[in-house]
Amino acid sequence: MAAVRVEELLAAAEEQEAEKQRSIAVHKELELEFDLGNLLALDRNPPAAAGLRGAGPRREALLRALARDNTQLLVAQLWALPAERAGGAAGPLVAQLPEPAFRLPREKPPPRPRPPTRWEQFARLKGIRRRKRTSLVWDEQAKEWRRRWGYRRAGGDPARDWAAEVPAGADPDEDQLAKRRREKRERVARNELNRLRNLARAHRAAVPAAPLHPTGHQSRAELGHAARVARLSTASLGRFQPRLPKEPAEPPPRGAKKRRFAPLLGDLAAERSQQLELLRGMSSKKPPLDITRAVNKQLREEDAEAAAAKGKKRAQRGKRGRRQQQRPGHGGKKSGSKKSGGKRQQRPVGSGGGKRKKA
């Protein structure tokens with residue numbers, strides 16, 4: 001009994017080893033074409049036509065087995081590439097992929113080129129080329145290397161500006177140091193304004209007519225406009241740009257509703273019911289009854305009838321008033337013509353108030 005059990009265990013171990021070898025070894029009539037740079041494997045072997053007919057578990061099993069074999073061949077090619085440990089001896093094993101052989105198409109169109117700024121247009125017109133300069137320069141007075149621009153730049157020590165030369169023809173009482181600081185603030189403001197204008201021109205935004213004051217004299221509208229332009233200057237046009245803590249959300253544009261379409265591969269039962277409902281409506285002889293449209297039509301007819309009745313009452317009132325005006329003694333045309341024909345006789349004053357005797 002013990003010998004039989006040992007033989008069974010050895011047979012089971014051999015079967016497991018053979019199964020492992022079968023899972024690694026894949027045989028194909030035609031060799032696959034590999035593009036390891038794109039992790040691509042092209043299988044030109046024709047699949048079994050009988051197994052792919054219809055839809056069922058046999059077809060799914062065949063497709064899974066085919067995908068598994070091709071993946072095994074691709075992984076075997078990747079293991080044959082030169083590899084190295086990333087981050088030391090304990091790091092993961094990384095393979096060095098070759099250059100891709102196939103050029104894959106882009107998912108999205110290439111980005112549009114940025115429109116040139118006014119300075120770039122001027123430099124292109126004049127033939128000015130950009131020269132790269134080092135950020136550090138030698139300061140003769142400080143005897144050390146300093147930055148060309150910014151804080152603690154070469155020649156920018158405030159202690160050296162204790163005296164300034166008065167130029168010829170200038171007012172001797174004018175403070176040259178204050179004038180220099182004022183001109184610097186104006187240059188900073190002008191450069192900031194030009195930067196905002198370039199951003200607005202690049203994104204087709206309207207530049208406000210009032211000048212901006214980016215050195216501490218901004219109004220609320222100017223700050224909002226500058227923040228809006230800066231947000232739209234990103235590649236996503238401000239879609240993923242975080243907002244300020246107290247910045248209100250922009251209202252959605254009026255009349256710009258985003259259309260939503262049903263997915264191409266969605267619920268087949270819902271699509272079948274929609275198609276059947278459409279065919280049923282087309283084949284039916286009776287037109288579909290729109291209750292909302294019928295109620296609106298009835299309301300419009302009632303409003304029109306009420307307006308017509310109201311206009312008829314006004315016309316009758318106008319005729320009645322004209323008839324009363326045409327009666328004698330009520331200021332009509334006939335009484336007016338008699339009054340204009342002759343003068344009215346007045347009773348003489350002091351005649352005793354008696355009636356006049358007939359002649």
Side-chain angles (χ1 to χ4, degrees), residues 1-114 132 234-237 239-240 258-276:
M1 295 296 293
V4 174
R5 290 180 179 178
V6 170
E7 291 177 357
E8 290 179 355
L9 291 175
L10 291 176
E14 290 179 358
E15 290 181 359
Q16 291 179 359
E17 188 67 22
E19 184 66 25
K20 290 181 180 179
Q21 294 295 333
R22 283 197 300 270
S23 64
I24 297 175
V26 178
H27 300 283
K28 294 283 185 176
E29 296 181 1
L30 299 177
E31 295 293 335
L32 272 66
E33 297 181 10
F34 298 99
D35 182 9
L36 300 181
N38 292 323
L39 300 179
L40 177 64
L42 298 178
D43 187 5
R44 301 189 182 278
N45 295 285
L52 295 179
R53 293 176 183 175
R58 183 180 179 184
R59 180 184 179 183
E60 293 294 332
L62 181 60
L63 292 177
R64 287 178 181 273
L66 183 61
R68 183 257 163 212
D69 293 343
N70 293 338
T71 306
Q72 177 63 46
L73 293 175
L74 180 61
V75 171
Q77 292 291 329
L78 292 177
W79 277 103
L81 294 175
E84 59 181 5
R85 293 285 180 178
L93 189 63
V94 180
Q96 299 178 2
L97 298 179
E99 292 294 331
F102 292 91
R103 295 187 61 185
L104 300 180
R106 290 178 59 94
E107 179 185 1
K108 297 180 180 180
R112 297 180 180 179
R114 180 182 58 84
K132 186 176 181 181
T234 58
S236 61
L237 297 180
R239 183 177 180 182
F240 304 104
K258 188 175 182 180
R259 297 183 298 174
R260 295 184 178 180
F261 300 95
L264 297 178
L265 300 176
D267 190 1
L268 298 179
E271 184 177 359
R272 188 184 302 109
S273 62
Q274 291 178 1
Q275 297 294 337
L276 291 176

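Source: prediction; values computed, not measured. Just so it is clear, the values below take in all heavy atoms, side chains as well, and ignore hydrogens, waters and symmetry mates.
Applying the side-chain contact (heavy atoms from CB on, under 4.5 Å) criterion to Arg64, with sequence neighbours excluded, gives no partner residue.
Remark: Leu74 CG to Leu42 CG distance equals 10.5 Å, nearest 0.5 Å. Taking CG of Leu97 as the start and CG of Leu36 as the end, the distance is 7.0 Å to the nearest 0.5 Å. Rounded to the nearest 0.5 angstrom, Leu62 CG and Arg59 CZ are separated by 9.5 Å.
Counting only residues at least two apart or in different chains, side chain to side chain donor-acceptor pair (under 3.5 Å) contacts with residues 26-39 comprise Lys28-Asp43, Lys28-Asn70, Glu33-Arg44, Asp35-Asn38.
Residue Arg103 places its CZ atom among 12 or fewer non-hydrogen atoms of other residues, nucleotides or ligands, all under 6.0 Å distant.
The minimum heavy-atom distance between Leu81 and Gln96, with the atom names listed, is CD1-O, 3.9 Å. Of all the heavy atoms in Ala95 and Leu78, the pair that sits closest is CB-O, 4.3 Å. Across Val94 and Ala86, no two heavy atoms sit closer than the pair CG2-CB, 3.7 Å.
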Trace of the side-chain contact (heavy atoms from CB on, under 4.5 Å) decision for Leu93 with Arg85: CA-CA 5 Å; Leu93 189 63; Arg85 293 285 180 178; 4.1 Å; yes
